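Comments concern the structure below.
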Amino acid sequence: EVQLQASGGGVVQAGGSLRLSCTTSGIDLDDYVIAWFRQAPGKEREGVSAIGIRAGWTYYGNSVKGRFTISTDNAKNTVYLTMDKLKPEDTAVYYCAAEDRSSVGILTLGIPVDLFDSWGQGTQVTVSS
C-alpha cells in the first residue's frame, strides 16, 4: 500500500524559506514520480514540481522556477520541497503525490493532477506580507 505524508508547513514572512517533506512508504522511490501540488482557497489544484528519480529529471512550474527546489533522500524514502524567496501568492495547502513512473513518463509541459493516484494529506503554507 502506497502511503504519503506531507509535513513542514507553517507561517513565514515574505522572502523567507520553508522545507516541506513527503515521507513515503510502500514504494521504491526509484520506480515512481513524486510531485508536489498546491491549492489556494477558491483555486484549482496546481502542479508545483515533480521528480523522476531513476530517469534523472525534475520539473518546476513557471511560478516557482528559480525559487523552489525538489530533492530526495532515498535512504529516508523522503522527497523534499525547499521553498525560498516565498511570496504571499505561495500561500496554499501543499500536497505530495506519487505515480508509477511508467504511467507518467517525463513531464515537460506541466503536472496533470489526474495523472496521480496516490496522495498524501496536505500541509498548510502561509506567507505573510
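None of the values given here were measured: they were computed from a predicted structure. Along the sequence shown, residues are numbered consecutively beginning with 1. All values below come from the heavy atoms of this structure, side chains included, with hydrogens, waters and symmetry mates left out.
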- Any ring-ring contact (aromatic ring centres under 6.0 Å, His included) involving residues 5-31? Give me the pairs, sequence neighbours left out, ordered by first then second residue. none
- Message: Quick check: closest heavy atoms across T78 and S21, and the distance to 0.1 Å?
- Response: CG2-CB, 4.1 Å
- Query: Is V64 close to L81 at the side-chain level, that is, under 4.5 Å between some pair of heavy atoms?
  - Reply: no
- Mind checking whether F68 and V79 sit in one hydrophobic cluster, side chains of I, L, V, M, F, W, Y counted as touching below 4.5 Å? yes
- Give every residue pair that meets the side chain to side chain donor-acceptor pair (under 3.5 Å) criterion with at least one member in residues 101-114, sequence neighbours excluded. D100-S102
- Note on the structure: To the nearest 0.5 Å, atom NZ of K87 lies from atom OG of S129 at 14.0 Å
- Heavy-atom pair with the smallest gap, counting every atom of I34 and A98: CD1-CB, 3.6 Å
- Message: Tell me whether Y80 shares a hydrophobic cluster with I53, the cluster being built from Ile, Leu, Val, Met, Phe, Trp, Tyr side chains joined at under 4.5 Å.
- Response: no
- For A97 and F37, the nearest pair of non-hydrogen atoms, with its separation, is CB-CE1, 4.0 Å
- Item | Heavy-atom side-chain contact between T24 and Y32 under 4.5 Å | no
- Message: Between I111 and F116, is there a side-chain heavy-atom distance shorter than 4.5 Å?
- Response: yes
- Item | Those residues that, when tested against R19, pass salt bridge (Lys or Arg N to Asp or Glu O under 4.0 Å) (two or more places apart) | none
- Could you state whether V113 and I106 fall into the same hydrophobic cluster, counting links through intermediate Ile, Leu, Val, Met, Phe, Trp or Tyr residues with side-chain heavy atoms under 4.5 angstrom apart? yes
- Item | Of all pairs that satisfy side chain to side chain donor-acceptor pair (under 3.5 Å), the ones with a partner from residues 117-127, not counting sequence neighbours | Q124-T126
- Task: State which residues pass side chain to side chain contact (heavy atoms under 4.5 Å, CB included) with T58; sequence neighbours excluded, sorted by chain then number.
- Result: I51, Y60, I70
- Note on the structure: Sorted by chain and number, sequence neighbours left out, side chain to side chain donor-acceptor pair (under 3.5 Å) with T72 holds for N74
- How many angstroms lie between atom OG1 of T23 and atom NZ of K76, to the nearest 0.5 angstrom? 9.5 Å
- Query: Who pairs with V12 by side chain to side chain contact (heavy atoms under 4.5 Å, CB included), at least two apart in sequence or on another chain?
  - Reply: L18, L86, V127
- Which residue pairs satisfy the disulfide (SG to SG under 2.5 Å) criterion with at least one member in residues 8-51, sequence neighbours excluded? C22-C96
- Query: In chain order, what residues pass the side chain to side chain contact (heavy atoms under 4.5 Å, CB included) check against K85, with sequence neighbours excluded?
  - Reply: R67
- Query: For the hydrophobic clusters of this structure (ILVMFWY residues joined by side-chain heavy atoms under 4.5 Å, transitively), does one cluster hold both Y59 and V33?
  - Reply: yes
- Pairs in or reaching into residues 36-50: which pass side chain to side chain donor-acceptor pair (under 3.5 Å), with residues at least two apart or in two chains? R38-E46, R38-S63, R38-D90, R38-Y94, Q39-R45, E46-S63
- Excluding sequence neighbours, so at least two apart, what forms side chain to side chain donor-acceptor pair (under 3.5 Å) with T69? none
- Message: Q3: which residues meet the side chain to side chain contact (heavy atoms under 4.5 Å, CB included) condition with it, sequence neighbours left out?
- Response: E1, S25
- Query: Which atom pair, heavy atoms only, marks the closest approach of A40 to A92?
  - Reply: N-CB, 3.8 Å
- Residue pair L107 / W57, side-chain heavy-atom distance below 4.5 Å: yes
